[in-house]
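To start, the structure itself, in structure tokens.
All chains are named by letter (A, B, ...) in the order of the sequence lines, taking the proteins before the strands, and each is independently numbered beginning at 1. What you see below is based on every heavy atom in this structure, not just the backbone, and it leaves out hydrogens, waters and symmetry mates. Keep in mind the model is a prediction, meaning the values are calculated, not measured.
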Amino acid sequence: MAAEKNTHAAPTAKDMKDIVALCKRRGFIFAASDIYGGLNGFWDYGPLGVELKNNLRDRWWRDMVVTPPIGPDGQPIEIVGLDSAIIQNPKCWEASGHVGGFNDPMVDCKESKKRYRADHLIVLSPNDGQGPWLAFDKEASADEIAQRLKKHARGRPESDYTRGQLDKTPVADFPKIIGPDAKEPGTLTEPRQFNMMFHSYAGAAAGEENKVYLRPETCAGIFLNFKNVLDSSRVRVPFGIAQIGKAFRNEVTPRNFIFRSREFEQMELEWFCHQDDVPMWFDFWVEQRKKFWESVGLPLNHLHFYDTPKADLAHYSARTIDFEYQFPFSGDGFDELEGIAHRGNFDLTQHQEFSKAKLEYMDPTDNTKRYLPHVIEPSAGLSRGVLALLCEAYTPDPNRPSGVYLNFTPAMAPKKAAILPLTAKEEHAAPATNLYLELREDFAVDLDIKQNIGKRYARQDEIGTPFCFTIDDQTNADQTVTVRERNTMAQERISLDKVHEYLRVKMKA
RNA sequence: GCGGGUGUAGCUUAGUGGUAAAGCUCUAGCCUUCCAAGCUAGCUAUGUGGGUUCGAUUCCCAUCACCCGCUCCA
């Protein structure tokens with residue numbers, strides 16, 4: 001065994017450093033703008049990465065839109081697809097709460113290194129203009145305020161001060177202010193906007209009136225098209241609208257490879273149903289989504305299902321379950337892969353109010369019944385799913401030349417099989433090429449002729465190709481080939497004319 | 001955004017105030033009947049920008065990217 005000659009240090013455990021290196025070395029994922037030094041929070045998918053991502057995306061689309069699951073009543077449910085624009089009318093984001101609601105100015109304290117929302121701080125300014133100003137959290141107790149007045153103002157009574165809000169205080173006065181956790185005045189920076197959404201300007205003339213936003217989530221486009229879909233598709237409640245696409249967030253700190261990036265891809269379903277049926281459908285979708293992740297290669301015991309406590313729920317949500325995966329960087333914890341949320345009818349209500357469009361659904365069996373359907377939203381990260389598949393598949397194995405292999409399911413593997421003539425001689429290369437041309441009609445396969453067979457097996461192990469078909473002298477004698485299985489490295493001979501069927505069966509398994 | 005660390009070829013490492021070395025990968029050829037084998041040849045690097053200096057990969061500053069910890073993650 002030549003493992004000790006392998007220069008790609010044979011890892012013994014799943015380590016992000018090794019996974020990132022493999023992704024770059026074999027062409028799964030590169031830093032965006034690599035030759036310019038990269039760009040924080042952006043990543044490019046290489047030749048194999050795009051195949052892997054497409055496989056996951058296509059499976060989701062097939063499971064949702066092409067062959068949606070059978071519902072609790074034994075009948076197939078209805079889901080239709082959508083591909084809405086990344087940029088929508090900015091009012092959309094006012095209705096959703098993304099503009100105005102969440103982009104509060106923040107101040108940093110240079111001394112305590114803490115960050116505060118400017119509108120959460122109150123400021124006491126001395127009426128006689130003498131001495132420092134004091135900033136507090138607006139929740140600060142009378143005791144705390146008295147304590148700090150004692151410390152910084154020799155116990156002057158609060159009545160000597162005027163109470164104001166930090167975000168209403170002129171920046172020119174900031175040098176006099178002692179921050180909530182500071183000892184010296186003048187440590188607070190001026191309030192800054194932290195824009196979670198990327199913005200741009202639609203049209204050549206850039207002006208605030210042309211300001212538009214790149215969507216921070218794909219679901220909004222679904223709500224905006226709720227009525228269009230109803231009016232054009234003959235769907236009836238309960239039904240779903242599915243969408244896959246890019247979303248953009250100005251995350252404060254992109255981290256952990258592609259896990260938290262500023263441009264990413266989501267797979268979202270909005271399931272519209274009657275309020276009374278929410279509990280049934282919620283449970284239904286939790287089960288369906290579990291089956292999905294299991295079927296693409298994430299064992300359920302590697303996932304964690306977090307039922308968000310009521311107190312932590314977003315204001316519009318009655319229940320949320322996060323599907324979390326134990327990534328190598330998660331430590332003993334887990335990080336979110338998908339969230340299933342009951343959003344009530346918050347979104348349709350908001351968009352109906354802001355757009356003035358009538359979005360109510362009329363019960364087709366009783367046209368006196370009109371209502372805004374409730375929504376259950378299974379929202380999965382496609383980019384995060386790709387990362388989870390990579391991390392799950394990454395398998396160090398000191399007993400093979402590559403030192404590591406990617407244990408993708410055949411259906412997710414970027415390459416399903418490699419066709420390898422044992423030597424580059426014509427009597428091997430020619431039949432191999434014929435087999436390759438036949439198989440590529442139905443499968444993503446590689447033909448690799450150059451170099452010795454061991455190197456080629458090793459390469460395929462590293463990119464997670466589940467099967468290698470090898471053509472040798474015996475192939476020409478009896479029309480059989482060797483199948484080499486990735487995980488076991490075991491070989492068997494099968495008939496050349498059975499190869500296509502062999503692969504077809506394995507893809508379904 | 002803060003603090004700490006790192007940055008030499010695709011990877012792993014070496015080295016020096018005087019113009020960068022090696023192994024593996026990769027490419028081409030030869031050879032090879034099953035696991036990175038052998039022979040020959042070849043491509044490829046001091047993250048970026050300044051400064052000091054006759055000369056900087058080396059020293060200094062800034063910046064960018066990545067890693068760890070905090071913060072953030074509606």
Let me know the distance between [atom1] of [X] and [atom2] of [N], rounded to the nearest Å.
X	N	atom1	atom2	result
A:Glu324	B:C73	CD	P	17 Å
A:Tyr405	B:A36	OH	P	17 Å
A:Glu336	B:C72	CD	C1'	15 Å
A:Lys17	B:G5	NZ	C1'	13 Å
A:Arg456	B:A37	CZ	C1'	13 Å
A:Arg262	B:C64	CZ	P	12 Å
A:Ile19	B:C66	CD1	P	17 Å
A:Tyr306	B:C73	OH	P	15 Å

Rounding to an integer number of angstrom, what distance separates [N] and [M] when you compare their [atom1] atoms?
N	M	atom1	value
B:C70	B:G51	C1'	34 Å
B:C30	B:G17	P	46 Å
B:U58	B:U8	C1'	11 Å
B:U32	B:A37	C1'	9 Å
B:A22	B:C34	C1'	31 Å
B:G10	B:G50	C1'	30 Å
B:G49	B:U13	P	26 Å
B:C39	B:G23	P	12 Å

Checking all strands, does A:Phe257 fall into the base, sugar-phosphate, or nothing category for heavy-atom contacts under 4.0 angstrom?
sugar-phosphate
Base, sugar-phosphate, or nothing for A:Asn40, non-hydrogen atoms under 4.0 angstrom?
sugar-phosphate
Atom pairs and distances, side-chain donor-acceptor, residues 419-426 of chain A, under 3.5 Å, sequence neighbours left out:
residue  : atom : partner  : partner atom : Å
A:Thr423 : OG1  : A:Lys425 : N            : 3.1
A:Thr423 : OG1  : A:His428 : ND1          : 2.8

Residues in ring pair (Phe, Tyr, Trp, His ring centres under 6.0 Å) with A:Phe272, at least two apart?
A:Phe226, A:Phe239
Holding to ring pair (Phe, Tyr, Trp, His ring centres under 6.0 Å), I want the full list of residues that pass it with A:Phe136, two or more places apart in sequence or in another chain.
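A:Phe136 satisfies ring pair (Phe, Tyr, Trp, His ring centres under 6.0 Å) with no residue once adjacent residues are dropped.
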Could you check whether the side chain of A:Arg484 and the base of B:C35 have a donor-acceptor pair of N or O atoms closer than 3.5 Å, going by distance alone?
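A donor-acceptor contact between them is present.
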hbond_proxy A:Tyr36 side chain to B:C64 base (donor-acceptor, 3.5 Å cutoff)
no
Checking contacts here: which listed nucleotide ([options]) is nearest the side-chain heavy atoms of [X]?
X	options	result
A:Thr253	B:G1, B:C34, B:C11	B:G1
A:Trp43	B:A36, B:A74, B:C66	B:C66
A:Arg260	B:C34, B:A74, B:C73	B:C73
A:Arg255	B:G69, B:A36, B:C34	B:G69

Going by side chain to side chain donor-acceptor pair (under 3.5 Å), name the residues that satisfy it together with A:Glu485, two or more places apart in sequence or in a different chain.
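Listed in chain order: A:Thr488.
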By the salt bridge (Lys or Arg N to Asp or Glu O under 4.0 Å) test, which pairs, at least two apart or in different chains, include something from residues 488-502 of chain A?
A:Asp472-A:Arg493, A:Glu501-A:Arg504
Paired with [N]: which nucleotide, if any, by Watson-Crick or G-U wobble criteria at under 3.5 Å for both distances?
N	answer
B:C2	B:G69
B:A21	B:U13
B:G7	B:C64
B:U57	none
B:U27	B:A41

Between A:Glu263, A:Glu265, A:Gln266, which is the residue that forms a side chain to side chain donor-acceptor pair (under 3.5 Å) with A:Lys246?
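For A:Lys246, the side chain to side chain donor-acceptor pair (under 3.5 Å) test succeeds with only one of A:Glu263, A:Glu265, A:Gln266, which is A:Glu263.
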Side-chain contact, heavy-atom cut-off 4.5 Å: A:Leu214 with A:Ile87?
yes
Residues from residues 212-223 of chain A sitting under 4.0 Å of RNA chain B, heavy atoms only?
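Heavy-atom contacts with RNA chain B come from A:Pro216, A:Glu217.
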Reading RNA chain B from 5' onward, which residue's closest nucleotide shows up sooner: A:His428 or A:Gly454?
A:His428
Residue mapping more 5' on RNA chain B - nearest nucleotide basis, A:Arg249 or A:Leu39:
A:Leu39
Could you list, one pair per line, each protein nitrogen or oxygen that sits under 3.5 Å from a nitrogen or oxygen of nucleotides 26-32 of chain B, together with the distance?
residue : atom : partner  : partner atom : Å
B:C26   : OP1  : A:Arg459 : NH1          : 2.4
B:U27   : OP2  : A:Gln451 : NE2          : 3.4
B:G29   : OP2  : A:Lys450 : NZ           : 3.0
B:U32   : O4   : A:Ala424 : N            : 3.2

Summary of side chain to side chain donor-acceptor pair (under 3.5 Å) pairs that have at least one residue in residues 35-51 of chain A, sequence neighbours excluded
none
Verify the distance criterion only: is there a donor paired with an acceptor across the side chains of A:Gln243 and A:Thr218 at less than 3.5 Å?
no
Less than 6.0 Å separating the ring centroids of A:Phe329 and A:Phe257?
no
Give a yes or no on whether the ring-centroid distance for A:Phe323 and A:Phe305 is below 6.0 angstrom.
yes
Can you list everything that forms a salt bridge (Lys or Arg N to Asp or Glu O under 4.0 Å) with A:Arg459? Sequence neighbours excluded, please.
A:Asp448
